Novice: 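Pasting a structure below so you can have a look.
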Protein chains: 2
Amino acid sequence: MGVTIKDVAKAAGVAPSTVSRVIADHPRISEATKKRVKKAMKEMGYHPNANARSLANRSSQSIGVVMPSSADKALQNPFFPEVLRGISGIAHKMDYSLLLATGETGTEMLEGVERMVYSNRVDGIILLYSQIDDPVINFLLEQNFPFVIIGKPSERIDEITHVDNDNVSGGREITKHLISLGHERIAFIGGSTDLIVTVDRMRGYQMALEEAGLPYLDEYRVHTEFLKSGGQQAVNELFALPEPPTGLVIADDLMSIGVVNMLEECNKRVPDDLSIVSFNNVYLSEITRPPLTTVDIHIYELGVQAAKCLIAKVKDKTEPAKRIIVPFDIKYRSSTKANEAPTRNI
Amino acid sequence: MGVTIKDVAKAAGVAPSTVSRVIADHPRISEATKKRVKKAMKEMGYHPNANARSLANRSSQSIGVVMPSSADKALQNPFFPEVLRGISGIAHKMDYSLLLATGETGTEMLEGVERMVYSNRVDGIILLYSQIDDPVINFLLEQNFPFVIIGKPSERIDEITHVDNDNVSGGREITKHLISLGHERIAFIGGSTDLIVTVDRMRGYQMALEEAGLPYLDEYRVHTEFLKSGGQQAVNELFALPEPPTGLVIADDLMSIGVVNMLEECNKRVPDDLSIVSFNNVYLSEITRPPLTTVDIHIYELGVQAAKCLIAKVKDKTEPAKRIIVPFDIKYRSSTKANEAPTRNI
DNA sequence: CTGAAAGCGCTAACAA
DNA sequence: TTGTTAGCGCTTTCAG
């Protein structure tokens, strides 16, 4: 069916290997024949067969991207499309293809990754999440397969190339902001503590409280998928406390939106009755009501850096494990307000 | 490096071709040898090389997914992850891989698709969008390459397999709902009229108005990217009209969220001052405030159907072009309310 | 039911 | 600078 390298070679009056060299942009080849071959390729509508190349080359020029999907709507978080955009931009530029593996369950995701690796379909893998004791990471490590994770590995941190924010500082800064506004009873709402990102952000929250001499209470921490049943109740309990919080640090913008909505139902207004801050600065956080004060983690850039790292690593297997911290900054918007009844001065 | 079919053959004391037959689950092969070969494969940790298979086979067992990305945040619409989930589920089940092509511009997307097709990396393609006069579609048609589009083709509709909702009916139904609540001045806000989906939904809106004998006014239609500058202004103009609308049909949930937010800034309340309805029923529409009355188009199912269609088509090239309409239903929530000052009875 | 052998389209020594 | 040749790992006739 298709035009092959041989056809082109014949037409241009050269050997197939010469054509191959032209494709690869090999240096030692005369301009004259290069031009001639290229002309023939154009005329005949030649396009290299990637599978044949990969086979001969032992390299697929493509990278795998693994993302959680699942029942719990994780994938609906605009974080993913945005990070994908970043990855995709670089991949495109460097002439890499993107293979997607998603899975509803951990098993499915592992299967997907195994398939990618075993079948030689990808040269490297980017993980879009990081959780404790992840079989996917163990597998990749075991296979000594190039990969980078977006987020922070829970173990063997020095062996694993990763691109992350300084979530502890982010949590600290944003909490300090709340404190500077006079809030003293500040609660934290986050997802599963199996996710490193939750843990880090919470640690920052804790640090800020301690530095300010404010109490770090168990009752002020709720971990919940939130979006699931039970999540609402957990939040309700927070406000049933004798001393309910006046400020909320929430680990994710999307959760914030849910919380704002819930509060509204209880006749609590943000920011009048309660200030909230969160993380990610997804596009929605700007158009929602109120616009959210949030830590902008530069999602797109996370994707860009991860792709660059991975490609570098794929090209040169001896690249050492790296750690790249993408700086954050804080978007001050209107979900926060000075606390009107502080019990002391700051 | 890896274990090859030859190694397995040697170990099992058979010919490579026999091993190949076992992999392909060929019928004419004795249970005995099959078992022996499988045992060897397990023991040696054999995994077939996908590139070699694809090359020999002329089929890649993978499908390409094309989605717009772009500056204008289109990709941040939770529609995409959700439809991907549907596609991915089926792909996984049928043992297909997913290759992603995105692009910020039309040119980039076309390049991505050309690469996929020319390089023989995919057996078929799913387009996640549909716009007028799309070069990608023309290319695919020209190449006679299997593809399905999610949405409605703008031309050659009988030649192109597509999975869609009946957006005209959807628009009509949801508008009728507003009318039944006593609204008479109903405006439409949608994205670019280059997108078929916008046009269809608007047509439904028009039909409902006409059936009810209500005016279909130019001033009551705004087309805007909305999320970009200028969008806000367009909406503002709507409310600067001598007779501003009391009901809004909005082509997309995400836009609705933006509109609600904007209205708030002008001290207009939804649904008290204004009722709005929209489309898609993305997860957010339930947790936003107010929860949106919206047409649930069953995004996940769109993905599932598209994947099934495409795989069927890939396996049997003679499959005729199909058209699959995924039924919608309406989620009644709290963004609508009876109009308190109708000028006439319904 | 199984084996031998010829490719699939491309690359990479090794020669020239 | 270019050609020859031997694979990359798998499938698939064609014999047997």
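A quick note: this is a predicted structure, and the numbers were derived from the prediction, not measured. Letters A, B, ... are given to chains in the order of the sequence lines, protein chains preceding strands, and every chain is numbered from 1.
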Novice: Does C:dC1 have its OP1 or OP2 closer than 4.0 Å to a side-chain nitrogen or oxygen of B:T33?
Specialist: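 It does not, given that no N or O in the side chain of B:T33 lies less than 4.0 Å from OP1 or OP2 of C:dC1.
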Novice: With a 4.0 Å cutoff (strictly under), does any side-chain N or O of A:R58 reach OP1 or OP2 of C:dT11?
Specialist: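 No.
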Novice: Could you walk me through whether B:R115 and A:D95 pass the salt bridge (Lys or Arg N to Asp or Glu O under 4.0 Å) check?
Specialist: CA-CA 10 Å; B:R115 261 187 56 166; A:D95 261 304; 2.7 Å; yes
Novice: Between C:dG9 atom P and A:K10 atom NZ, what is the distance in whole Å?
Specialist: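 After rounding, the reported distance stands at 13 Å.
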Novice: Between A:Y118 and A:F145, is the gap from one ring center to the other below 6.0 Å?
Specialist: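 Between A:F145 and A:Y118, which both carry aromatic rings, the centre distance is not below 6.0 Å.
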Novice: What is the distance, rounded to the nearest whole Å, between atom CD1 of A:I29 and atom C1' of C:dA12?
Specialist: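 Atom-to-atom, A:I29 to C:dA12, this comes out as 13 Å.
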Novice: Is a donor from one side chain sitting under 3.5 angstrom from an acceptor on the other, for A:N57 and A:S59?
Specialist: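 Side-chain D/A pair, A:N57 to A:S59: absent.
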Novice: Pairing donors with acceptors under 3.5 angstrom, does anything connect the side chains of B:S30 and B:T33?
Specialist: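 Side-chain D/A pair, B:S30 to B:T33: present.
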Novice: In whole angstroms, how far is the P atom of C:dG9 from the CG atom of B:N51?
Specialist: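 It works out to 15 Å between those atoms.
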Novice: Rounded to whole Å, please give me the gap between NZ in A:K35 and C1' in D:dT1.
Specialist: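 These atoms are roughly 16 Å apart.
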Novice: Could you give the CG-to-C1' distance, from A:L55 to C:dA12, as a whole number of Å?
Specialist: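 After rounding, the reported distance stands at 13 Å.
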Novice: Can you work out whether B:A56 or B:S30 has the more 5'-proximal nearest nucleotide on DNA chain C?
Specialist: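 Mapping each residue to its closest nucleotide by heavy atoms, the 5'-most match is B:S30.
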Novice: Which of residues 12-28 of chain A sit near DNA chain D, with a heavy atom under 4.0 Å from it?
Specialist: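 Hits under 4.0 Å, by residue number: A:G13, A:V14, A:A15, A:S17, A:T18, A:R21, A:R28.
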Novice: Is A:S54 touching bases, backbone alone, or none of the nucleic acid, heavy atoms closer than 4.0 Å?
Specialist: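 A:S54: no heavy atom of the nucleic acid under 4.0 Å.
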Novice: For A:Y118 and D:dG9, is the shortest distance between a side-chain N/O and OP1 or OP2 below 4.0 Å?
Specialist: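 A:Y118 to D:dG9 OP1/OP2: no side-chain N or O under 4.0 Å.
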Novice: Does either side chain, that of A:Y96 or that of A:D123, offer a donor lying less than 3.5 Å from an acceptor on the other one?
Specialist: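 Absent: no donor and acceptor within the cut-off.
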Novice: When the C1' atoms of the five terminal pairs at each end define the local axes, what inter-axis angle does the helix from C:dC1-D:dG16 to C:dA16-D:dT1 show, to 10 degrees?
Specialist: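 Roughly 30°, once rounded to the nearest ten degrees.
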Novice: Rounded off to whole Å, could you give me the CD1-to-C1' distance for the B:I5 and C:dG3 pair?
Specialist: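 Atom CD1 in B:I5 sits about 13 Å away from atom C1' in C:dG3.
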Novice: Report yes or no: do B:H92 and A:E111 form a side-chain donor-acceptor pair below 3.5 Å?
Specialist: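 Their side chains do contain a donor-acceptor pair, which is all the 3.5 Å distance test asks for.
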Novice: Under the criterion side-chain contact (heavy atoms from CB on, under 4.5 Å), which of A:I126, A:D164, A:V65 is the partner of A:I150?
Specialist: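 Filter result, single survivor: A:I126.
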Novice: Let me know the distance between CD of A:Q61 and C1' of C:dC10, rounded to the nearest Å.
Specialist: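 Nearest whole value for this atom pair: 14 Å.
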Novice: Side chain of B:T4 only, heavy atoms from C-beta on: which candidate in C:dT2, D:dT12, D:dG9 is closest?
Specialist: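 Nearest listed nucleotide: D:dG9.
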Novice: Grab the CG-C1' distance between B:N57 and C:dG7 for me, whole Å please.
Specialist: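 Spelled out: CG on B:N57 to C1' on C:dG7 is 13 Å.
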Novice: Using a 6.0 Å cut-off, check whether atom NZ of A:K34 has over 12 heavy atoms from anything other than its own residue.
Specialist: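 Above 12, so yes.
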Novice: Under a plain distance cut-off of 3.5 Å, with no hydrogens placed, do B:R85 and A:T102 share a side-chain donor-acceptor pair?
Specialist: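 Looking only at side-chain atoms, B:R85 and A:T102 do not form any donor-acceptor pair under 3.5 Å.
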